[in-house]
**Q** 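Following this message is one structure expressed as structure tokens.
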Amino acid sequence: LDATAAPEAGRVGESSVVQGRGETSRNTLGSIANKSMSKLEPYIVTELPDRFVVLKPPGWEVFNQNVGLQLLSFSQALCESQWSILNDAEHNHGFLHRLDVPSSGLILAAKSFEAYYDLQVQLRAGELCRDYVVLCHGWLPPCRREIKAHVYWRGDLPTRAGRLGKPSRTHLKVVAQASKAEQAFSLASIRIATGRRHQIRSHFSHIGHPTVCDGKYTTYATLQGDLDFCSRNFLHRYRLVFKNAAGIDHESLVPMPADLADSLRQLYVKGGESAGMVRFWLSGMAPRDWEKHMPLAGQAAAIYRGRRFRS
């Protein structure tokens with residue numbers, strides 16, 4: 001596919017946009033910010049005096065010591081013990097949210113207790129924007145815009161979506177449809193209105209469209225088939241928007257990781273609209289605000305053209 005055809009996008013990776021003022025907030029950690037996702041190491045995407053955004057690669061845990069690779073340890077080594085909140089478990093070590101170990105994407109954290117409570121207010125008021133890209137099984141109806149289902153979990157057991165538990169809402173837009181070896185897939189852009197444990201994965205499984213390569217929410221046979229072209233859960237948080245101490249919005253963006261892009265290239269596109277959107281993601285250009293993503297039109301999505309994704 002011709003990467004030059006990607007719509008309305010700009011390069012990302014070393015700056016975050018301060019919305020409404022046309023300013024940029026440059027990374028201040030030198031070579032760390034220039035490391036590629038393909039190296040499977042965290043790096044700082046946005047750093048402000050009292051808060052920062054870090055990229056979590058797949059296989060890393062934010063904290064809890066369930067696996068060897070800990071984002072907390074990375075952050076502690078980075079600050080050289082200057083941020084005492086990182087040692088405080090009661091305040092989640094300064095982290096505002098998490099991502100599942102197999103997933104990748106942006107994590108927001110505070111350097112001080114004051115910043116942590118400020119960001120908590122933003123989180124509870126719905127002022128934080130968290131946007132994702134997901135590849136799931138089946139052809140999701142392009143008209144579908146959200147999943148509303150309560151979620152319930154206990155201990156380390158998988159989260160169950162249905163009528164029990166906490167109310168949860170996942171907004172989605174079907175941006176592309178594809179296939180491989182008679183299996184159908186949908187690429188969806190997602191914004192969560194709530195942030196429950198395994199919310200996206202359990203919601204998509206609940207409606208019969210589990211995310212690709214998900215060992216918890218698909219059958220063993222489905223997982224084995226997914227591993228033929230995708231090595232880990234296809235879920236990536238590519239965008240965060242939050243306010244700084246002065247109330248100014250900061251937007252952090254990262255492109256689709258190389259391993260997920262390689263998996264996407266192995267699928268066959270379904271229609272011209274899908275080809276255009278997949279080309280956009282594979283180009284390595286900056287993803288856009290979820291609000292600006294255009295879902296597939298029903299008529300165009302019904303036309304199968306059988307083109308293979310190529311960079």
Side-chain angles (χ1 to χ4, degrees), residues 9-10 12-29 32-33 37 42-57 60 62-63 71-72 74-75 78-79 82-86 88 91-100 103-133 168-171 189-197 199-200 235-256 286-293:
V12 298
E14 295 188 359
S15 67
S16 68
V17 177
V18 183
Q19 295 180 327
R21 293 179 56 178
E23 302 174 359
T24 58
S25 175
R26 294 287 177 183
N27 292 319
T28 59
L29 299 176
I32 293 176
M37 167 77 90
Y43 63 86
I44 299 297
V45 177
T46 301
E47 186 180 31
L48 302 180
D50 63 349
R51 59 202 75 190
F52 65 99
V53 176
V54 60
L55 188 285
K56 188 195 88 66
W60 286 68
V62 178
F63 64 88
L71 207 60
L72 174 59
F74 168 83
S75 301
L78 196 66
C79 76
Q82 296 179 41
W83 310 332
S84 60
I85 193 171
L86 293 182
D88 192 329
H91 290 82
N92 294 321
H93 303 283
F95 293 101
L96 268 294
H97 42 222
R98 309 190 200 189
L99 276 171
D100 304 331
S103 307
S104 59
L106 298 169
I107 299 290
L108 178 60
K111 298 180 183 179
S112 69
F113 292 96
E114 182 179 2
Y116 179 79
Y117 284 113
D118 177 39
L119 292 170
Q120 278 287 346
V121 170
Q122 295 179 38
L123 180 64
R124 295 177 185 279
E127 296 177 348
L128 295 182
C129 288
R130 292 163 287 179
D131 295 345
Y132 304 73
V133 61
S168 306
R169 178 178 295 180
T170 301
H171 301 294
S189 179
I190 292 170
R191 174 170 293 177
I192 56 173
T194 53
R196 313 300 187 195
R197 176 182 180 268
Q199 176 177 316
I200 295 173
L235 189 156
H236 176 63
R237 182 191 285 159
Y238 69 87
R239 181 175 180 267
L240 277 177
V241 179
F242 63 97
K243 297 182 187 297
N244 66 8
I248 299 172
D249 284 345
H250 281 255
E251 178 186 50
S252 296
L253 291 164
V254 288
M256 180 181 287
R288 295 174 296 178
D289 183 342
W290 179 86
E291 296 281 359
K292 297 180 180 178
H293 278 293

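Values below: every heavy atom of this structure, side chains too, minus hydrogens, waters and symmetry copies.
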**Q** Do the non-hydrogen side-chain atoms of L71 and F95 ever get within less than 4.5 Å of each other?
**A** yes
**Q** Side chains of R239 and C129: does their closest heavy-atom pair fall under 4.5 Å?
**A** yes
**Q** Step by step, would you call T46 with E251 a side-chain contact (heavy atoms from CB on, under 4.5 Å)?
**A** CA-CA 9 Å; T46 301; E251 178 186 50; over 6 Å; no
**Q** Output the distance between atom CG (L108) and atom NE2 (H250), rounded to the nearest 0.5 Å.
**A** 11.5 Å
**Q** Between R98 and N92, which heavy-atom pair has the shortest distance, and what is it?
**A** NH2-OD1, 4.3 Å
**Q** Please list, chain by chain and in numerical order, all residues satisfying side chain to side chain donor-acceptor pair (under 3.5 Å) with H171, sequence neighbours excluded.
**A** none
**Q** Determine the minimum heavy-atom distance between P255 and H236, stating which atoms define it.
**A** O-NE2, 3.1 Å
**Q** Measure the spacing between OG1 of T170 and OH of Y132 and express it to the nearest 0.5 Å.
**A** 9.0 Å
**Q** Taking only residues two or more places apart in sequence or in another chain, which ones pass salt bridge (charged side-chain N to carboxylate O under 4.0 Å, His left out) with D50?
**A** none
**Q** For R191, check salt bridge (charged side-chain N to carboxylate O under 4.0 Å, His left out) against everything at least two apart and list the hits.
**A** D131, D289, E291
**Q** Once side-chain contact (heavy atoms from CB on, under 4.5 Å) is applied, do any residues pair with I85, and if so which ones, sequence neighbours excluded?
**A** H91, F113, Y116
**Q** Taking the side chain as C-beta and beyond, is there a heavy-atom pair between L106 and L55 under 4.5 Å?
**A** yes
**Q** For F52, give me all partners under ring-ring contact (aromatic ring centres under 6.0 Å, His included), at least two apart in sequence or on another chain.
**A** W83
**Q** Under the ring-ring contact (aromatic ring centres under 6.0 Å, His included) rule, collect the residues that match up with F63, sequence neighbours excluded.
**A** H93
**Q** Looking at every non-hydrogen atom in both residues, tell me the closest pair between L119 and A110 and how far apart they are.
**A** CD1-CB, 4.3 Å
**Q** Got a second to check how far S75's OG is from I44's CD1, nearest 0.5 Å?
**A** 6.0 Å
**Q** Taking ring-ring contact (aromatic ring centres under 6.0 Å, His included) as the test, write out the residues that go with H97, two or more places apart.
**A** none
**Q** Return the minimal non-hydrogen interatomic distance between Q199 and R169, and the atom names on each side.
**A** NE2-O, 2.9 Å
**Q** Using side-chain contact (heavy atoms from CB on, under 4.5 Å) as the criterion, list what pairs up with S189, not counting sequence neighbours.
**A** V175, Y238, W290, H293
**Q** Can you measure from CG (L253) to CZ (R288) and round to the nearest 0.5 angstrom?
**A** 11.5 Å
**Q** Any idea which heavy atoms bring L240 and V53 closest together, and the distance?
**A** CD1-CG1, 4.0 Å
**Q** Side chain of K56, backbone of W60: donor and acceptor closer than 3.5 Å?
**A** yes
**Q** Taking salt bridge (charged side-chain N to carboxylate O under 4.0 Å, His left out) as the definition, give me every residue that meets it alongside R51, ordered by chain and number, with sequence neighbours left out.
**A** D118
**Q** What's the shortest heavy-atom distance between P57 and P42, and which atoms?
**A** CG-N, 3.5 Å
**Q** Starting at CG of D100, measure out to CD1 of I200 and round the result to the nearest 0.5 Å.
**A** 8.5 Å
**Q** Would you mind reporting whether F242 and L48 have side-chain heavy atoms less than 4.5 Å apart?
**A** yes
**Q** Measure the CZ-CG distance between R130 and L96 for me, rounded to the nearest 0.5 Å.
**A** 9.0 Å
